[in-house]
Amino acid sequence: MPVWILSDRFKKMIYTARSLSRVLLFDDVRESIIRVCRKIVPDVGSKDLDTDRTGHADFSLKLFRLSGKPDFDQLKENIVITLRNEIYVDSVTVEGNYLNIKVKDLSYLDIMDTSIKEKGVFPDTFQDPERVLLEHTSTNPTGPIHIGRSRNSIVGDSLSRVLKRYGYRVSTQYFVNDTGKQVMGLYLGYRKSKERIVDIPHLLEGYRNVYREIEEDKGKEKEIEALIKKYESGDPAVVREVREICTVMLKGIISSLARIGIKIDDYVWESGFLKSEEMNDVLSALSERIKTENDAQFIELSNGSKVFLRRADGTSLYTLRDLAYHKFKSLNYDWLIDVLGEDHRDYAKSLNEILQEMVNLRSKISFVFYSFISLDSGKMSTRSGNVVTLDELIEKAEQNALEIVKSKRPDLPDDDLHKIASAVAVSAIRFQIAKISLGKELVFKWSEALNLEGDSAPYIMYSYARTTKILKEARVDGNMSTVFDKYESSLIRKLYLYPYSLQAAKDGLRVDPIASYVLELVRSFNDFYNNCRVVGSGEHEVKRAKIVSIYRHVLKDASYLLGITLLDEM
RNA sequence: GGGCACGUGGCCUAGCCUGGAUAGGGCAAUAGCCUCCUAAGCUAUAGAUCAGGGGUCCAAAUCCCCUCGUGCCCGCCA
């Protein structure tokens, strides 16, 4: 017999708030409190109600702003009385200039449990009709992807998962640069090599040689320019070979990304836009504004800066190809999101102005910028060889994790050890990047990258493994106690806050709020774990098993967004 | 030189958008905790002029201005 009988009662009483967001569906207690307050003081805003972090309450209504009102005391009293009548409200107290509201543990638990039981998910969402195209990574196929660029991939991938989770229809794309100087430099290196071997090490060596030569003699760039011309004029041999070389490089990048669980939906080749309809559309939209300077074509922006579209020899520049690409994207998507390095900030601003004001793109465009990751030895660069590639990092991380798991679990067979080590390594890499807000520059340090304690993925994974064991042994059916101690209480509260962090992530196009949230959640669970025995806890057992199972659910949900692989045993 | 971003204990970081009750975590350090659901965990101690200065405000890490430091951009590169 299910003892979870309060659901219907609460469901009827609590306002299902869609106003917090269009696509997250859950019984939003916070929204409901604001609604109640507004009945009495219409100008109470969302800002006046804090989600309290100080431990005084669940939600705090700040009275500073209201205290100027002539009938303040009466209003305050009315709010208190009205809130106390809400079915989900446990207590309302006035402390100084704060009105502290506590919600019933059972209310929270019931909201989450009902959602999971009925919808299979908390919070539930409905499908937003907006189609989102998220472009990320798009690194030049001139070498293996390095850890600096992988910040783009990791954040981009998690962001796409967040938006999907939130209810958007999301596709991801990688814009493959197979046109322009860098790639032609790569191709030139290949042509100059004796053996003409198309594999990554040989190509990379040729590429580095070319740029070494150019550094000594700038005149050597002419060779690249000549190749660009040949390529853009459609010389079949050149086109074929460039595609072949880029494909080899791209395959390397794709397989590196796959190792950390990233799969991009579509790869769109830049060369495809050279003579495309989208290119024509862009050019005709801009035709009135195009000016020339020594035969090179440019347009002028509102701030007076020049943006060049074509070289004097008629070959295209990146901006032009990218404009065509964005035009292409806008045909099928309502919201375009580009994840770009911070070096692209000004570029994106220009691109945006051209697209919105001159090409009149219909889609909404957002840019997400990330700061660079550098090494102790300075800036990362594929050409100079001062890089740590993603593959190197993965390999070392796996090795490191394997040693640790071997020492901790000598009882496990080799297969399991490798499985665990791999999940730990990949999750740790992703989490370490995802948890840092994008504006921070990072200096990569091996000691930090390989540390698996504290605010790390294994910390999260470990707590999940604990839940597996608990739920395997705990009694989950029967009468449920409805008395909650402080550890249960704070874990329940933390769980309930999950939708708010999803909201923060979506609003800011960030993934670090989810990471911060998960760490807080796990800490709260550990507190609970260390103080509340579940298995064999008598009257508490069913209730605690319920809390653990909701925890497990939310943890799984959030971990997926961050690319953390959870294991039942580790 | 101009523009943009960042600056929080020795190190890394959350909080800043939307000002409000003791600035949360982690690493490193010290002292403890496995006859009890996995110690990749937990507890305790120590450690913060929230870069500096000014301003607004009843109230500033948070908003505004100035200064300093770091990174990035200012290409007929991408």
Side-chain angles (χ1 to χ4, degrees), chain A residues 45-48 50 52-57 60 62-65 67 95-98 100 138-140 142 177 179-183 185 221 224-225 270 293-298 303 305-306 308-313 315 317-319 321-322 341-347 349 369 371-372 374 379 401 404-405 407-409 424 428 435-443 445 447-448 451-463 465-474 504 507-508 512-513 515-516 519-520 522-523 526-527 529-537 544 548 569-570:
Chain A
S46 181
K47 278 184 246 174
D48 295 313
D50 274 351
D52 188 78
R53 291 176 174 277
T54 62
H56 289 81
S60 294
K62 293 182 276 190
L63 300 172
F64 303 92
R65 220 168 49 78
S67 60
E95 291 166 59
N97 261 321
Y98 293 92
N100 288 329
S138 298
T139 178
N140 285 349
T142 50
N177 172 252
T179 313
K181 272 191 184 170
Q182 273 85 338
V183 163
E221 277 205 21
I224 292 181
E225 283 161 24
E270 200 176 301
E293 183 179 284
N294 305 325
D295 289 338
Q297 296 180 343
F298 69 94
N303 65 5
S305 65
K306 292 173 183 175
F308 282 86
L309 303 177
R310 286 189 194 280
R311 298 187 182 88
D313 66 4
T315 55
L317 287 161
Y318 176 70
T319 309
R321 302 187 298 264
D322 204 21
E342 62 170 341
D343 54 335
H344 280 60
R345 281 196 134 97
D346 288 345
Y347 168 79
K349 214 174 163 187
F369 299 104
S371 295
F372 291 130
S374 60
K379 206 174 154 177
I404 292 172
V405 69
S407 72
K408 288 184 189 293
R409 297 300 303 272
V424 164
K435 73 175 176 181
I436 307 290
S437 67
L438 290 175
K440 299 262 188 185
E441 304 146 25
L442 297 179
V443 179
K445 295 191 185 84
S447 61
E448 283 172 19
N451 179 33
L452 303 178
E453 288 169 6
D455 288 352
S456 68
Y459 178 74
I460 295 158
M461 298 165 71
Y462 194 67
S463 88
R466 283 172 158 175
T467 66
T468 306
K469 189 69 166 290
I470 292 173
L471 293 178
K472 211 153 71 183
E473 295 175 11
D507 283 348
D512 54 297
S516 298
L519 285 174
E520 281 178 33
V522 173
R523 254 188 285 285
N526 283 341
D527 238 16
Y529 180 86
N530 287 307
N531 293 285
C532 305
R533 172 98 198 162
V534 181
V535 178
S537 61
R544 288 180 177 166
V548 170
E569 191 182 1
M570 63 186 283

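Order of the sequence lines sets the chain letters (A, B, ...), proteins ahead of strands, with each chain counted from 1.
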### Message
Please report the distance, rounded to the nearest Å, between CG in A:Leu63 and C1' in B:G19.
### Response
16 Å

## Note on the structure
B:C77 -> Watson-Crick or G-U wobble partner, both distances under 3.5 Å, gives none

### Message
I need the NZ-C1' distance between A:Lys445 and B:G10, as an integer number of Å.
### Response
12 Å

### Message
From CG of A:Asp507 over to C1' of B:C17, roughly how many Å is that when rounded to an integer?
### Response
11 Å

#### Entry: Pairing partner of B:U56 (Watson-Crick or G-U wobble, both distances under 3.5 Å)
none

### Query
With a non-hydrogen cut-off below 4.0 angstrom, is A:Lys62 in contact with a base, only sugar-phosphate, or nothing?
base

### Task
Pick the C1' atom in B:U43 and in B:C34, then give their distance to the nearest Å.
14 Å

### Query
Is any side-chain N of the basic residue among A:Asp455 and A:Lys435 closer than 4.0 Å to the acidic one's carboxylate O?
no

### Message
At 4.0 Å (heavy atoms only), tell me whether A:Met570 reaches a base, stays on the sugar-phosphate, or touches nothing.
### Response
base

### Query
Taking protein heavy atoms under 4.0 Å as touching, what does nucleotides 21-28 of chain B look like 5' to 3' if B marks base contact, S marks sugar-phosphate-only contact and - marks none?
BB--BSS-

### Query
Which whole number of Å gives the distance between the P atom of B:U22 and that of B:U8?
23 Å

### Pair A:Glu569 + A:Lys469, salt bridge at N-O below 4.0 Å
no

### Task
Specify the separation, in whole Å, of atom CZ of A:Arg466 and atom P of B:G41.
9 Å

## Note on the structure
Taking B:C42, B:A5, B:C37 as options, the one with an atom nearest any side-chain atom of A:Arg345 is B:A5

### Message
If I pick the C1' atom on B:G10 and the same atom on B:C17, what distance separates them, to the nearest angstrom?
### Response
31 Å

### A:Gln182 side, atom CD; A:Asn140 side, atom CG - distance, nearest 0.5 Å
5.5 Å

### Message
Under 4.0 Å from OP1 or OP2 of B:C37: is there any side-chain N or O of A:Thr467 that close?
### Response
no

### Query
Any idea which of B:C42, B:A78, B:A40 is nearest the A:Asp527 side chain?
B:C42

### Query
Taking the C1' atom of each, how far is B:G41 from B:G55, in whole Å?
48 Å

### Query
Expressed in whole Å, how much space separates the P atoms belonging to B:G47 and B:C65?
36 Å

### A:Lys62, NZ atom: more than 12 neighbouring heavy atoms under 6.0 Å
yes

### Message
Could you check B:C34 for me: syn (within 90° of 0) or anti?
### Response
syn

### Query
Taking A:Arg533 for the side chain and A:Val535 for the main chain, is one N or O donor matched with an acceptor at less than 3.5 Å?
yes

### Message
So, does A:Lys408 get its side chain near the phosphate of B:A40, meaning an N or O under 4.0 Å from OP1 or OP2?
### Response
yes

### Task
Tell me the partner of B:C4, counting only Watson-Crick (N1-N3 plus N6-O4 or O6-N4) or G-U wobble (N1-O2 and O6-N3) with both under 3.5 Å; none if nothing fits.
B:G71

### Task
Please state how far atom CG in A:Leu438 lies from atom P in B:U13, giving the value in whole angstrom units.
13 Å

### Message
I need a per-nucleotide contact map over nucleotides 68-77 of chain B, read 5' to 3'. Cutoff is protein heavy atoms under 4.0 Å; write B for the base, S for backbone only, - otherwise.
### Response
--BBSB--BB

#### Entry: Rounded distance [0.5 Å steps], CG in A:Asp346 versus CG in A:Asn303
9.0 Å

### Task
Quick one: label A:Val548 by what it contacts on the DNA or RNA (base, sugar-phosphate, nothing), any heavy atom closer than 4.0 Å.
nothing

### Query
Is it the case that A:Arg311 and A:Thr315 place a side-chain donor and acceptor less than 3.5 Å from each other?
yes

### Query
Taking for each residue the nucleotide of RNA chain B bearing the nearest heavy atom, is the 5' side occupied by A:Asn530 or by A:Ser516?
A:Ser516

### Query
Does any nucleotide pair with B:A29 by Watson-Crick or G-U wobble geometry, both distances under 3.5 Å, and what is it?
B:U45

### Query
Nearest 0.5 Å, what's the NZ-CG distance between A:Lys181 and A:Leu317?
8.5 Å

### Query
When rounded to the nearest Å, what value does the distance between C1' atoms of B:C16 and B:A5 take?
15 Å

### Task
Please round to the nearest 0.5 Å and tell me the distance separating atom CE of A:Met461 and atom CZ of A:Arg466.
14.0 Å

### Message
How many whole angstroms separate atom CZ of A:Arg409 from atom C1' of B:A39?
### Response
13 Å

### Query
Partner of B:G19 by Watson-Crick or G-U wobble geometry, both contacts under 3.5 Å, or none?
none

### Message
Below 30° counts as parallel, above 60° as perpendicular, anything between as tilted: where do the rings of A:Tyr318 and A:His344 land?
### Response
perpendicular

### Query
Mind checking the P distance from B:C76 to B:U13? Whole angstroms is fine.
36 Å

### Message
Can you check the distance between B:C12 and B:A28, where both ends of the measurement are the P atom (answer in whole Å)?
### Response
15 Å

### Summary
Which of B:A40, B:A78, B:C42 is nearest the side chain of A:Tyr459? It is B:C42

### Query
Tell me: CG of A:Asn526 to P of B:C37, nearest whole Å?
15 Å

### Task
Return the nucleotide paired to B:C37: Watson-Crick means purine N1 to pyrimidine N3 with N6-O4 or O6-N4, wobble means G-U with N1-O2 and O6-N3, both under 3.5 Å.
none

#### Entry: A:Asn97, A:Asn100, A:Thr54 screened by side-chain hydrogen bond (donor to acceptor under 3.5 Å, both in side chains) with A:Ser60, the one that passes
A:Asn100

## Note on the structure
Rounding to 0.5 Å, atoms CG (A:Asp512) and CG (A:Leu519) come to a distance of 11.0 Å

### Query
Across the strands shown, which category fits A:Phe298 at heavy-atom distances under 4.0 angstrom: base, sugar-phosphate, nothing?
nothing

### Message
What is the separation between atom NZ on A:Lys349 and atom P on B:G3, rounded to the nearest whole Å?
### Response
11 Å

